Q: 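Questions regarding the structure given below will be posed in turn.
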Amino acid sequence: MGGTYSAIAVGFSLTWGVTNVINIAHPAFALLGAYIAYWVLHFWGIDPLLSLLIIVPISFFLGIVSHRCLFKPLSTRTRNLTASSMVLTSGLVIVVENIILISCKADPRVITTAYTGKSLFIAGVALPITSLISFVLALITCAVLYVFLHNTYEGKAVRAVWQQKEGAMLCGINTSHVTDITYGISFASAGVGGVCMGMMYSIEPAIHSTWLIYIFLIVIAGGLGSIRGTVFSGLLIGLIIGLAGFVLPYVWVNLILFGLLLIVLLIKPEGLFQQ
Amino acid sequence: MHERVRLFGIVGLLVVFLVSSFAMSGFAANQKPIVVGGTLPLTGVFAETAKWIQKGYEQWAEDVNASGGLLGRPVKLLIYDDTSNTGKAVTLLEKLITVDKVDLLLGGYPGTAAAAQMAVAEQYGKVYVSMGGHMPSFEQGYKYSFSATPLMGQWWAEGLGEWLESLPPEERPKSAAIISMNNIIGKSCRESIVGWLNKLNIPILVDETYDLPLASADALVSECKQSGAEAMFANGFFADGVLTVRAMKSLDYSPKLLFQSIGNLVPAWVEQLGDDGNYVFSGTAIHHNLPYPGIARLNEICKEKYGRPYAPDYFLFGYSWAQTLQQGVEGAGSLNNAAIADYLRSHSIHIISGTYTFDERGLPKPYSYLTQVLNGQVELIWPKEVATADPVYPFPAWTDR
């Protein structure tokens with residue numbers, strides 16, 4: 001569960017870290033990906049994993065369009081991009097949610113594949129296949145992002161812009177192009193994360209606000225912009241939710257989770273895995 | 001003499017003119033619609049259910065207007081979207097009363113919103129007919145709140161309890177596990193279940209509560225499975241209900257009985273979960289297969305208008321709440337809310353789901369029907385007089401399906 005949330009959280013963390021934009025609408029775009037997977041399965045019987053071939057490019061394109069039409073103009077008109085972006089993306093959430101609501105109705109949807117509800121039993125421990133697939137997909141997404149950011153010219157440019165925008169510009173890096181890529185990647189990873197979530201949970205137009213709570217939790221605990229931090233933090237949160245219920249009354253799980261977040265913020269406000 | 005006749009004539013004409021003007025203005029006033037206002041969560045987490053309640057209200061208004069209106073006046077609905085936010089539901093209800101000055105109120109949804117709105121309705125002396133905010137909200141001494149058809153969590157397992165009681169003791173489950181969402185609805189349903197389990201001497205091995213949103217049901221279901229409980233009770237909404245059923249299937253946990261309180265009442269349960277949604281028991285206070293003529297007619301209407309095989313439960317709930325209000329108004333013969341409340345408290349009402357008499361709290365006698373999802377249909381199981389199918393019990397193992 002934690003790993004799956006990481007797939008969405010990593011893109012959220014990236015745009016926050018690189019461009020100072022807190023994209024509240026990020027999980028809503030992930031939800032859009034989940035809905036595309038649902039309809040593609042519903043109408044053509046195509047497995048959600050295969051539908052990623054459509055969802056990833058669409059999401060990437062949406063990321064670039066959002067940057068050029070919304071975030072870029074905003075960044076030139078505001079002094080406090082972080083605060084302004086929250087206001088802008090809160091509005092964007094309403095737009096995306098209502099588009100989903102009008103086109104897909106308010107009915108909850110469930111993605112059911114041939115492997116839904118089946119498990120791999122290893123040493124008596126049941127591992128639900130959808131959770132495993134979602135987890136592996138989330139890990140692959142994070143790994144691809146990590147390799148891209150650390151081993152490619154464009155990725156290094158993204159990191160350079162993040163660390164020192166003016167310096168990057170002096171080095172001849174086209175920051176607008178780099179930010180385009182950042183948004184494209186961020187939205188594409190949201191699309192993948194949305195499919196992972198759709199395979200595990202029921203979806204309905206307002207569910208993204210629930211996802212946002214855990215995304216914030218993972219990003220804050222893991223450290224802003226840190227891919228490794230996002231993955232480890234997601235895993236840690238998943239483990240806490242999974243294990244705390246075994247030793248304590250389940251109703252305490254959220255108390256423990258947010259209590260630990262408070263401690264992390266007091267001791268290491270930059271996040272557990274931020275260097 | 002002629003002067004006097006002329007004077008009488010003028011006065012007579014004036015009187016005729018004034019009387020006819022008065023009568024004409026009275027007639028116009030009668031044609032002014034009665035505005036019935038309320039809030040529903042038309043967007044947000046409860047939208048799926050609320051949209052059916054809205055359709056039920058609209059159908060009621062259509063029927064009333066087609067049969068000559070309420071007290072001879074047409075009915076007009078004014079429903080605001082509270083976006084599944086209880087705070088907003090309260091604010092908008094106050095707006096309806098103080099700004100829009102609606103004549104009558106419609107009940108809100110879900111129980112959390114209804115509980116909060118009942119206090120507002122009471123404050124302004126407006127009759128409020130709804131599902132109710134479960135038992136505690138009917139124990140505040142309110143004069144204007146009523147529930148018919150009731151949706152009372154504390155009665156939710158009445159049908160199940162009576163059916164279990166009818167089984168030979170050796171066939172009943174020997175132990176139970178309960179997981180409940182941490183809100184008034186989950187707690188109310190749990191109360192009903194615990195009451196019956198205690199009465200039937202079925203020990204409760206697991207009794208967990210979780211906060212919404214539920215991130216994963218795996219840990220909870222594992223705990224229930226490990227306990228070896230023969231009956232599983234899940235008091236949750238649709239999303240956590242789906243998680244629970246999927247976790248049960250993944251972990252291959254097949255107790256003898258699975259009771260899901262709320263989630264499986266929405267049409268999406270059978271439509272979206274397919275076979276995995278089958279054999280789940282639940283309770284309800286209204287059902288499309290109840291042998292009442294009003295319900296049969298609404299089933300036909302839902303077929304024609306919405307392409308549904310039958311009227312969804314919440315459509316019927318909405319319709320019946322508005323019908324209760326209508327009978328109060330017609331009985332009182334006015335829009336005076338105090339008179340409407342007095343009438344409802346002192347007379348029986350006859351609505352699509354049956355006949356009800358209210359007690360001091362505004363509640364009818366406790367009851368619920370037991371349902372089970374069979375072949376993708378929500379069937380009535382108990383009481384026997386209304387049953388549409390025999391129960392499948394014990395719950396078939398996941399591996400045998």
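Note on naming: letters A, B, ... go to the chains in the order of the sequence lines (proteins, then strands), and numbering restarts at 1 for each one. This one's a predicted model, so the numbers in the text were calculated from it and none came from an experiment. Any value given below was found using the heavy atoms of this structure, including those in side chains, with hydrogens, waters and symmetry copies removed.
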Q: With side chains defined as the heavy atoms from C-beta onward, is the minimum distance between A:P249 and B:E208 less than 4.5 Å?
A: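 Yes, side chains in contact.
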Q: Roughly how far, to the nearest 0.5 Å, is the CG atom of B:L243 from the OH atom of A:Y201?
A: 6.0 Å
Q: Give me the atom names and distance for the closest heavy-atom approach of A:Y250 to B:S216.
A: OH-O, 3.1 Å
Q: For chain B, find its close neighbours in residues 207-218 of chain A: heavy-atom separation under 4.5 Å, sorted by number, or none.
A: A:T210, A:Y214
Q: Is it the backbone or the side chain of A:Y115 that comes under 4.5 Å from a heavy atom of chain B, or both, or neither?
A: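 Nothing of A:Y115, per the 4.5 Å heavy-atom cut-off to chain B.
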Q: Supply the atom-to-atom distance A:T112 OG1 to B:R246 CZ, rounded to the nearest 0.5 angstrom.
A: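 Rounded to the nearest 0.5 Å, the OG1-CZ separation comes out at 4.5 Å.
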Q: Let me know if A:L120 has heavy atoms under 4.5 Å from chain B in its side chain, its backbone, both or neither.
A: neither
Q: CZ of A:F232: more than 12 outside heavy atoms within 6.0 angstrom?
A: no
Q: For the interface with chain A, which of B:T209, B:L42, B:D240 has the highest count of heavy-atom pairs at distances below 4.5 Å?
A: B:T209
Q: Between A:F121 and B:D252, is the side-chain contact (heavy atoms from CB on, under 4.5 Å) condition met? List the steps.
A: CA-CA 10 Å; A:F121 285 86; B:D252 194 23; 4.2 Å; yes
Q: Quick check for you: among A:I241, A:L127, A:T116, which has the greatest number of heavy-atom pairs under 4.5 Å with chain B?
A: A:T116
Q: Any chance you could measure A:S202, atom OG, to B:W269, atom CH2, to the nearest 0.5 Å?
A: 9.5 Å
Q: A:K118, A:E204, A:R109: which one forms the most heavy-atom pairs within less than 4.5 Å of chain B?
A: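 Looking at each option in turn, the highest pair count goes to A:R109.
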Q: Should the heavy atoms of other residues, nucleotides or ligands under 6.0 Å from CH2 of A:W39 be counted, would the total exceed 12?
A: yes
Q: Does a sphere of radius 6.0 Å around NZ in A:K105 hold more than 12 heavy atoms from other residues, nucleotides or ligands, not counting ones at 6.0 Å or beyond?
A: no
Q: When you look at B:D211 and A:V253, which way does the side-chain contact (heavy atoms from CB on, under 4.5 Å) test go after all the steps?
A: CA-CA 8 Å; B:D211 288 324; A:V253 167; over 6 Å; no
Q: Which members of residues 92-104 of chain A, sorted by number, sit under 4.5 angstrom from chain B on a heavy-atom basis?
A: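 Residues in range: A:E97, A:L101.
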Q: Non-hydrogen atoms of chain B under 4.5 Å away: do they reach the side chain of A:L248, the backbone, both or neither?
A: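 Interface part for A:L248: backbone (N, CA, C, O).
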Q: Tell me, for B:I179 versus chain A, whether the close heavy atoms (under 4.5 Å) come from the side chain, the backbone, both or neither.
A: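 Neither part; nothing is under 4.5 Å.
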Q: Please look at A:P205 and chain B and tell me whether the side chain, the backbone, both or neither of the residue comes under 4.5 angstrom of a heavy atom of that chain.
A: neither
Q: To the nearest 0.5 Å, how far apart are OG in A:S119 and CG in B:L251?
A: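 If we round to the nearest 0.5 Å, A:S119:OG and B:L251:CG are 6.0 Å apart.
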